[in-house]
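Report on the structure given below.
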Amino acid sequence: REQLRNLIFWHRGVNGVWEPRNEAQARKSGVDVNLEQALIAGKLTLRSVYSYISAINKSAEPNRSGKRIVFIPEHTWNNALLLTAGRSKLDINARYVSERHVTAANTGEPLPPYLLWDVSLAREQNWKTLRGEVSLAVKNITNQNYALLRGYPMPGRSILIALSLHYQNN
């Protein structure tokens with residue numbers, strides 16, 4: 001738990017320009033939980049990270065005092081299933097973010113919660129002085145429509161292919 005003085009955060013003003021806003025007093029409290037369990041030693045791992053944050057304006061302004069600080073989600077939950085088979089790796093990830101307020105008085109329509117699914121597959125190959133990895137990742141598999149800021153939608157489904165080569169001169 002933190003009692004903050006002069007908390008500065010960025011918000012979009014009436015003219016659409018981002019400006020710093022100073023909250024004279026704020027209270028942030030929360031908890032982070034990180035769990036990791038090997039389901040099959042060296043082969044299959046489950047990782048889960050949960051974060052709860054309560055960020056409240058404690059300044060004297062009558063319309064903002066006691067209201068949530070903008071853009072800070074109350075709940076965030078990241079989960080990953082990691083499978084390793086020889087030189088191949090498969091990662092399946094899910095990320096949930098709860099609603100976020102966009103106005104200091106919490107009167108505006110909040111940004112809705114979202115759940116994203118990502119998957120990636122990578123294979124590593126070693127030669128004498130050269131190490132390579134090829135990977136394929138699909139981000140936002142379900143093509144979830146979401147926004148981190150109102151009016152600025154995030155990308156839909158995307159496919160990424162990468163080739164990484166590392167030369168080692170011993």
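Transitive grouping of hydrophobic side chains (ILVMFWY, heavy atoms separated by less than 4.5 Å) brings Leu115 and Ile141 into a common cluster. In the hydrophobic clustering of this structure, Ile161 groups with Leu121; members are Ile, Leu, Val, Met, Phe, Trp, Tyr whose side-chain heavy atoms approach within less than 4.5 Å, directly or through other members. Under the 4.5 Å side-chain contact rule for hydrophobic residues, Leu46 and Ile40 share a cluster.
Between the side chain of Asn34 and the backbone N or O of Val49 there is no donor-acceptor pair closer than 3.5 Å. The backbone N or O of Ala24 sits less than 3.5 Å from a side-chain atom of Ser59, completing a donor-acceptor pair.
Minimum interatomic distance between Ile69 and Ala26 (heavy atoms only, all atoms of both residues): CD1-CB, 4.4 Å. Across Val70 and Ala104, no two heavy atoms sit closer than the pair CG1-N, 3.6 Å. Shown here for Thr103 and Gly108, the closest heavy-atom pair between the two residues is OG1-N, 3.0 Å.
Here the side chains of Glu74 and Ile53 are not in contact, with every heavy-atom distance at 4.5 Å or above. Inter-residue side-chain proximity for Arg131 and Gln168 is flagged as met; some heavy-atom pair is nearer than 4.5 Å. Looking at Lys67 and Ser65, their side chains never come closer than 4.5 Å, going by heavy atoms from C-beta outward. The shortest distance between side-chain heavy atoms of Tyr167 and Leu165 does not fall below 4.5 Å. Using a 4.5 Å heavy-atom threshold, the side chains of Leu81 and Leu39 count as touching. The side-chain heavy atoms of Val102 and Phe71, taken from C-beta on, include a pair separated by under 4.5 Å. Looking at Glu36 and Ser48, their side chains never come closer than 4.5 Å, going by heavy atoms from C-beta outward.
For the atom pair CZ (Arg157) and CG (Leu116), the distance works out to 12.0 Å, reported to the nearest 0.5 Å. Note that OG of Ser98 is 10.5 Å distant from CG of Leu111, once rounded to the nearest 0.5 Å. Atoms OG and CZ, from Ser29 and Arg1 in turn, are 4.5 Å apart once rounded to the nearest 0.5 Å. In this structure, CD on Glu23 lies 4.0 Å from CG on Asn57, to the nearest 0.5 angstrom. Residue Leu35 holds its CG atom at 9.0 Å from CD of Gln37, rounded to the nearest 0.5 Å. We find the CG-NZ distance between Leu130 and Lys128 to be 12.5 Å, quoted to the nearest 0.5 Å.
The list of ring pair (Phe, Tyr, Trp, His ring centres under 6.0 Å) pairs with a residue in residues 129-149, not counting sequence neighbours, reads Tyr114-Tyr146.
Take Arg100 and apply the salt bridge (Lys or Arg N to Asp or Glu O under 4.0 Å) test, not counting sequence neighbours, and it matches no residue. Remark: Lys139 pairs with Asp118, Ala137, Ser158, Leu160 by the side-chain contact (heavy atoms from CB on, under 4.5 Å) rule, at least two apart or across chains. With sequence neighbours excluded, the residues that form a side-chain hydrogen bond (donor to acceptor under 3.5 Å, both in side chains) with Ser51 are Asp32. In this structure Lys43 satisfies the salt bridge (Lys or Arg N to Asp or Glu O under 4.0 Å) test with no other residue, sequence neighbours excluded.
Crowding of Asn126 atom CG: a count of heavy atoms from other residues, nucleotides or ligands under 6.0 Å exceeding 12.
The aromatic rings of Trp77 and Tyr50 sit perpendicular, their planes meeting at an angle over 60°, well past the 30° parallel limit.
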Give every donor-acceptor pair under 3.5 Å between a side-chain atom in residues 82-97 and any protein atom, sequence neighbours left out.
from, atom 1, to, atom 2, distance (Å)
Ser88, OG, Arg123, NH1, 3.2
Arg95, NH1, Asn78, OD1, 3.4

